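Below is one structure, written out as structure tokens, with a few remarks after it.
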Number of protein chains: 2
Amino acid sequence: MENFITQCKKYNLRITPQRTAVYKALMEDKTHPTADAVYQNVKKDCPNISLDTVNRTLISFSEFGIIDTVMCSGQGKKYDPNSKPHHHLKCVKCGKISDFYHQKYDSLKVPSEVEEEFTVLNKKVVLTVVCKKCNKKG
Amino acid sequence: MENFITQCKKYNLRITPQRTAVYKALMEDKTHPTADAVYQNVKKDCPNISLDTVNRTLISFSEFGIIDTVMCSGQGKKYDPNSKPHHHLKCVKCGKISDFYHQKYDSLKVPSEVEEEFTVLNKKVVLTVVCKKCNKKG
DNA sequence: TGACAAATAGGAGTTAATCCTATATAGTAT
DNA sequence: ATACTATATAGGATTAACTCCTATTTGTCA
């Protein structure tokens with residue numbers, strides 16, 4: 001949670017109870033929730049929070065690289081709160097996105113042309129796949 | 001276009017004028033269009049096509065790995081028709097997604113644990129960034 | 001050429017995301 | 001502490017994105 005305060009100060013985001021609750025919910029979330037799923041979770045702590053606030057908070061967190069956004073075929077937007085170095089498997093059939101860990105990928109070097117032009121917040125390898133379950137189905 | 005026919009036969013997709021038009025529009029598209037942008041383009045060739053058909057076609061193409069789906073903070077779903085090996089830069093501020101090419105990334109080996117469990121259709125490195133323009137703004 | 005499953009258009013319906021405005025509140029300076 | 005100001009919020013209204021439904025059409029294969 002100190003990390004949350006540090007990040008907010010860095011980006012001039014006020015530390016409100018709503019933002020704190022959203023952050024806390026994300027840190028506890030091991031899935032890749034939709035905005036609505038986050039909303040449902042946060043409401044337990046903070047019953048009066050509005051969906052709009054959750055959406056705005058998620059967008060601002062993602063603009064500062066605190067969380068990542070992901071998407072798969074035929075599915076809505078999802079957020080990825082996992083801050084450890086990790087990589088993604090996206091199943092194009094069921095839309096499930098899973099994290100996987102692979103040290104070799106963690107140490108990828110960003111090309112210097114990119115580093116000169118862009119501030120890199122996050123890097124990951126994304127594998128577009130068909131999972132075992134969906135493979136069986138046809 | 002022979003490739004289109006091959007792919008359709010492989011996946012039991014009927015070769016309809018609508019599907020052909022969508023495919024053609026995608027192949028000519030060097031951006032990362034939204035479903036609606038694709039719809040607007042296809043209408044030039046195929047004025048009576050419905051948005052629903054475009055959407056269904058995009059989803060089925062993405063389910064077979066013919067195209068990829070991408071997403072950035074605060075933006076809608078986008079499709080990526082670039083079939084050459086390439087990688088992505090996502091600017092979290094303006095939502096722009098750009099392709100970049102880097103041979104070292106192309107030759108990444110998929111971990112054997114993954115290859116045993118999943119059929120890998122596509123692999124790419126995704127760098128979450130802030131672009132030069134957005135960096136200047138704040 | 002006929003039969004049938006698959007695909008389509010178009011509209012209706014649903015869900016997700018955004019905008020609007022009045023009110024409340026965090027941070028800062030006093 | 002207190003007052004001030006810009007930021008953030010709730011809640012409803014609006015818009016946009018997406019999906020579903022049904023009657024009709026059309027590829028494909030025998």
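These figures come from a predicted structure and were not determined experimentally. Proteins get letters first, then strands, A, B, ... in listed order; numbering begins at 1 in each.
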Problem - Integer-rounded Å distance: dT8(C) P and Tyr39(B) OH - result: 14 Å
Fill in the blank from the handout: Ile59(B) atom CD1 is separated from dA17(D) atom C1', nearest whole Å, by 11 Å
Completion exercise
When rounded to whole Å, the CZ to P distance for the pair Arg19(B) and dA9(C) reads 11 Å
Exercise for the section: Using a heavy-atom cut-off of under 4.0 Å over every strand shown, decide if Pro17(B) touches base, sugar-phosphate, or nothing. Expected result: sugar-phosphate
Exercise for the section: Ignoring the backbone of Asn55(A), work out which of dT18(C), dA7(C), dT19(D) is nearest its side chain. Expected result: dT18(C)
Practice task
Tell me what Ile49(B) touches on the nucleic acid: a base, only sugar-phosphate, or nothing, going by heavy atoms under 4.0 Å.
Solution key: sugar-phosphate
Exercise for the section: Remember a base hit wins even if backbone is also touched, and classify Arg56(A) as base, sugar-phosphate or nothing at under 4.0 Å, heavy atoms. Expected result: base
Practice task
Please examine the side chains of Lys93(A) and Phe64(B), heavy atoms only from C-beta on, and report whether any two atoms are closer than 4.5 Å.
Solution key: yes
Fill in the blank from the handout: Of Ala35(B) and Asn12(B), the one whose closest nucleotide on DNA chain D sits nearer the 5' end is Ala35(B)
Completion exercise
With the side chain defined as heavy atoms from C-beta on, Arg14(B) is closest, among dA10(D), dA5(C), dA8(D), to dA5(C)
Exercise for the section: Please state whether the phosphate of dA10(D), meaning OP1 or OP2, lies under 4.0 angstrom from any side-chain nitrogen or oxygen of Gln18(A). Expected result: yes
Practice task
Could you label the plane-to-plane angle of the Phe100(B) and His102(B) rings as parallel, tilted or perpendicular, counting under 30° as parallel and over 60° as perpendicular?
Solution key: tilted
Exercise for the section: May I ask you to check whether Asp99(A) and His88(A) show a side-chain donor-acceptor distance below 3.5 Å? Expected result: yes
Handout entry: Whole-Å gap separating P (dG13(C)) and CG (Leu51(B))
Key = 18 Å
Problem - Nucleotide dT15(D), atom C1' - distance to CG of Asp36(B) in whole Å - result: 13 Å
Practice task
Evaluate the side-chain proximity of Phe4(A) to Phe61(A): yes if any heavy-atom separation is below 4.5 Å, no if none is.
Solution key: yes
Practice task
Would you indicate, yes or no, if dA17(D) has its OP1 or OP2 atom less than 4.0 angstrom from a side-chain nitrogen or oxygen of Thr34(B)?
Solution key: no
Practice task
Write down the distance between CD1 (Ile5(A)) and P (dA26(C)), rounded to a whole number of angstrom.
Solution key: 13 Å
Practice task
Under 4.0 Å between any heavy atoms, over every strand shown, what does Asp52(A) touch: base, sugar-phosphate, or nothing? Just pick one.
Solution key: base
Practice task
Nearest whole angstrom, please: distance from the C1' of dT28(C) to the NZ of Lys9(A).
Solution key: 12 Å
Practice task
Could you work out which one of dG27(C), dA8(D), dA9(C) sits closest to the side chain of Ile15(A)?
Solution key: dG27(C)
Exercise for the section: Please check the phosphate of dA10(D) (OP1 and OP2 only) for any side-chain N or O of Thr53(A) closer than 4.0 Å. Expected result: yes
Fill in the blank from the handout: Between NZ of Lys77(A) and C1' of dT15(C) the distance, given in whole Å, is 14 Å
Problem - Working for salt bridge (Lys or Arg N to Asp or Glu O under 4.0 Å), residues Asp68(B) and Lys124(B) - result: CA-CA 10 Å; Asp68(B) 200 8; Lys124(B) 64 171 46 95; 3.0 Å; yes
